[in-house]
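All ligand and atom numbering here is 1-based and tracks the order in the structure. For clarity, every value in this text was computed on a predicted model and none was experimentally measured.
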Amino acid sequence: MSSAPVLRMERVRRAYREGKRDLVVLNGADITLARGEMVALVAPSGSGKSTLLHLAGLLEEPQAGEVHVDGLATRGMPDNRRTALRRHFIGFVYQFHHLLPEFSALENLMLPQMIAGTPKRLARERARELLDYLRIGERASHRPAELSGGEQQRVAIARAVANAPRLLLADEPTGNLDPDTSARVFTTLERLVRDTGLTALIATHNHHLARRMDRCVTLDHGRVVDFFP
Ligand code: ADP
Ligand code: MG
């Protein structure tokens, strides 16, 4: 196991073309996540949280700077290697569950494992374990439309860790839930991260939930700075 930080972003720049001008979202952004750290990213809408998470998750490339994942510099890495690294090392949870509507909860957890090469029987076993762990085992055969918002997000969280990633990136994972459900789902997420020694970067607007993390950061003029909610 590498002793390098799970994630290290260095002087990252990301701008979007807006007509004739550049909208600079990240500009010299630095962030390092040590193994097992749980960090909240708390910043207003439009400040670049999703952009930062997409870069960290290797879904996009920065225009300058470097993203190191598990000590590996990823800039210019061939697509197939990026995809493999993302698939095995990184899990993503979004504000909306993005589960496949025509598949059951169990199947939604089996598919990413089978794509990663896990035999079907093992994938099913792990899917069951994860759903039980997240206390939705009895909903395993239901499709997303037959689940409540909180249950859908639990399944999405379970799916994100189905391939046992080391880094979990969550983009306002409870932003779409009512306050009580949000607190319960967040507690489950927290327990999962702590129990498995995962490293997590979680964008949230909720200061109360953010205070439970090891530390909080925000975005200020395209840079990552410490934040004390
Ligand atoms: P947050 O997640 O904090 O709400 P985002 O990272 O989604 O912020 O967006 C930051 C800024 O970049 C916003 O002004 C947004 O409109 C802009 N932006 C995000 N993605 C794109 C894109 N693909 N093309 C153009 N502008 C974008
Ligand atoms: Mg966002």
Determine, stepwise, if the pair R215 / L33 fulfils side chain to side chain contact (heavy atoms under 4.5 Å, CB included). CA-CA 10 Å; R215 61 188 170 95; L33 298 191; 3.9 Å; yes
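- With hydrogens left out, the protein atom closest to atom 8 (O) of ligand 1 is G48 N, 3.1 Å, a heavy atom.
- A salt bridge links D70 with R166: the closest approach of a Lys/Arg side-chain nitrogen to an acidic carboxylate oxygen falls below 4.0 angstrom.
- Comparing L55, D171, T51 against atom 6 (O) of ligand 1, the shortest heavy-atom distance belongs to T51.
- Looking at E190 and R212, a side-chain N of the basic residue comes within less than 4.0 Å of a carboxylate O on the acidic one, giving a salt bridge.
- In terms of protein heavy-atom proximity, atom 20 (N) of ligand 1 is closest to Y16 CZ, 3.3 Å.
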Residue pair E61, R82: steps toward the side chain to side chain contact (heavy atoms under 4.5 Å, CB included) verdict: CA-CA 10 Å; E61 276 203 282; R82 287 171 78 82; 3.3 Å; yes
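- At a 4.0 Å cut-off, not a single heavy atom of A203 sits close enough to ligand 1 to count as contact.
- Geometrically, R211 does not engage F228 in a cation-pi contact defined by less than 6.0 Å to the ring centre and at most 45° from the axis.
- The shortest contact between atom 1 (P) of ligand 1 and any protein heavy atom is with G46 N, 3.4 Å.
- Using a 4.0 Å cut-off between charged side-chain N and carboxylate O, E102 and R143 make no salt bridge.
- At under 3.5 Å, not a single nitrogen or oxygen of V25, backbone or side chain, sits near a nitrogen or oxygen of ligand 1.
- H54 and F92 have tilted rings, their planes meeting at an angle from 30° to 60° on a 0 to 90° scale.
- A salt bridge does not link R8 to E66: none of the charged side-chain nitrogens sits closer than 4.0 Å to a carboxylate oxygen.
- If you number the atoms of ligand 1 from 1 as listed, the ones under 4.0 Å from a heavy atom of K49 come out as 1 (P), 2 (O), 3 (O), 4 (O), 6 (O), 8 (O).
- Within the 4.0 Å heavy-atom criterion, the part of P44 lying near ligand 1 is the backbone and not the side chain.
- The shortest N or O to N or O distance between R17 and ligand 1 is not below 3.5 Å.
- Using a 4.0 Å cut-off between a side-chain N of Lys or Arg and a carboxylate O of Asp or Glu, R17 and D22 qualify as a salt bridge.
- A donor atom on one side chain and an acceptor atom on the other are found under 3.5 Å apart for T181 and D178.
- Protein N/O/S atoms closer than 2.8 Å to the Mg ion (ligand 2), listed by chain and residue number, are S50 OG.
- Contact analysis puts S45 in contact with ligand 1, with a non-hydrogen atom separation below 4.0 angstrom.
- No side-chain donor from either of T188 and Y133 sits under 3.5 Å from a side-chain acceptor of the other.
- The nearest heavy-atom contact from the protein to atom 16 (O) of ligand 1 is L23 CD2, 4.6 Å.
- If you check which protein heavy atom lies closest to atom 7 (O) of ligand 1, you get S50 CB, 3.6 Å.
- Ion pairing between a basic and an acidic side chain is recognised when a charged N comes within 4.0 Å of a carboxylate O; E37 and R35 show no such pairing.
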